[in-house]
Amino acid sequence: RSDMQQLRRIAEQTGLIHLNFNPVQEALVLIGNREAVRDARMLITYLWSLRNYYREQEKKAKEEEGRRQDEYDALSQCEQVRFEFHASLTKYVIGTKGANIEKAKDIDGVRHIWV
C-alpha cells in the first residue's frame, strides 16, 4: 500500500478528523480528540518501525546474496580433487572433532572441503 493509503486507513481506524503530511514542515498533521491522536501516533510509529526493520532485513538479505554469489563464483573457478575411500575410513578422514578437516582447510589454496 502507498503511504497515503496507510495514513487514511489509520485515520479511519482511530477516528481522526484529519491526518495528512505537510511537505513544507515535513511533518504529519493529526487532528482529532486526544485518544484518537495518541492511537494514531502509536500506529504510525509502529508502522514506520516495521518499515525500517524490513528495509534493514532486505538490505542484509541482498548483502548475503552478494556474498554467496561471490563465494559461488570463487568456487566455480576452483579445481576439484576427489579422493575415494571406504566408508569405514570416514572417521579417520574427518579426524577427532573435525581436526583433519581443519588442518586441510589451513592448506594454502583449499577453498572448500566436502566429505
Side-chain angles (χ1 to χ4, degrees):
R1 293 183 174 199
S2 75
D3 292 339
M4 288 309 297
Q5 286 175 326
Q6 290 175 330
L7 290 176
R8 281 189 205 109
R9 184 168 181 210
I10 289 172
E12 289 171 11
Q13 289 179 339
T14 57
L16 285 177
I17 296 169
H18 179 76
L19 173 67
N20 207 346
F21 179 72
N22 181 337
V24 174
Q25 294 179 339
E26 293 185 0
L28 285 174
V29 177
L30 294 92
I31 301 173
N33 67 38
R34 191 171 291 179
E35 184 177 309
V37 171
R38 185 195 70 222
D39 290 347
R41 286 181 69 172
M42 178 188 66
L43 287 171
I44 292 166
T45 301
Y46 178 71
L47 178 68
W48 284 345
S49 69
L50 277 179
R51 184 174 286 179
N52 290 336
Y53 172 78
Y54 286 122
R55 188 177 296 127
E56 190 63 34
Q57 292 299 315
E58 184 177 1
K59 179 182 172 185
K60 287 178 184 178
K62 286 181 181 181
E63 288 171 356
E64 180 64 24
E65 183 181 15
R67 281 194 294 275
R68 289 183 186 265
Q69 185 63 47
D70 292 345
E71 182 180 351
Y72 174 81
D73 292 343
L75 288 174
S76 66
Q77 301 299 318
C78 290
E79 179 181 335
Q80 286 188 12
V81 178
R82 294 178 178 253
F83 299 96
E84 291 188 22
F85 52 89
H86 193 272
S88 64
L89 300 174
T90 303
K91 66 180 180 179
Y92 299 109
V93 171
I94 295 172
T96 306
K97 296 183 180 179
N100 293 339
I101 299 297
E102 291 303 317
K103 287 178 187 175
K105 286 180 180 178
D106 290 338
I107 298 171
D108 190 37
V110 173
R111 300 281 242 170
H112 185 73
I113 297 173
W114 184 46
V115 179

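Reckoned from all heavy atoms, side chains included, excluding hydrogens, waters and symmetry mates. Note that the numbering runs from 1 along the sequence shown for the chain.
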Leu7 reachable from Ile17 in the ILVMFWY side-chain graph, under 4.5 Å edges: no

Test of understanding: with salt bridge (Lys or Arg N to Asp or Glu O under 4.0 Å), list the residues that count as partners of Glu12, not counting sequence neighbours. none

Residues two or more places apart in sequence or in another chain: which of them pass salt bridge (Lys or Arg N to Asp or Glu O under 4.0 Å) with Glu71? none

Side-chain donor-acceptor distances from residues 22-45 under 3.5 Å, at least two apart:
from	atom 1	to	atom 2	distance (Å)
Asn22	OD1	Val24	N	3.0
Asn22	OD1	Gln25	N	3.3
Asn33	OD1	Glu35	N	3.2
Asn33	OD1	Ala36	N	2.7
Thr45	OG1	Arg41	O	2.8

My understanding is that a hydrophobic cluster links ILVMFWY residues whose side chain heavy atoms are under 4.5 Å apart, including indirect links. Using that, what else belongs to the cluster containing Leu50? Tyr46, Tyr53, Tyr54

Connected-component partners of Tyr72 among ILVMFWY, side-chain separation under 4.5 Å: none

Set of side chain to side chain contact (heavy atoms under 4.5 Å, CB included) partners for [X], sequence neighbours left out:
X	answer
Glu58	Lys62
Gln77	none
Arg82	Gln80

Is any side-chain heavy atom of Glu56 closer than 4.5 Å to a side-chain heavy atom of Arg51? no

Spacing of NZ belonging to Lys59 relative to CD belonging to Gln57, to within rounding of 0.5 Å: 11.5 Å

Can you name the residues that form a side chain to side chain donor-acceptor pair (under 3.5 Å) with Glu64, not counting sequence neighbours? Arg67, Arg68

Partners passing side chain to side chain donor-acceptor pair (under 3.5 Å) against Gln69 (at least two apart in sequence or in another chain): Asp73

Identify all side-chain donor-acceptor contacts of residues 87-110 below 3.5 Å with residues at least two apart in sequence or on another chain.
from	atom 1	to	atom 2	distance (Å)
Ser88	OG	His86	ND1	2.8
Thr90	OG1	Ala87	O	2.8
Asn100	ND2	Tyr92	O	2.7

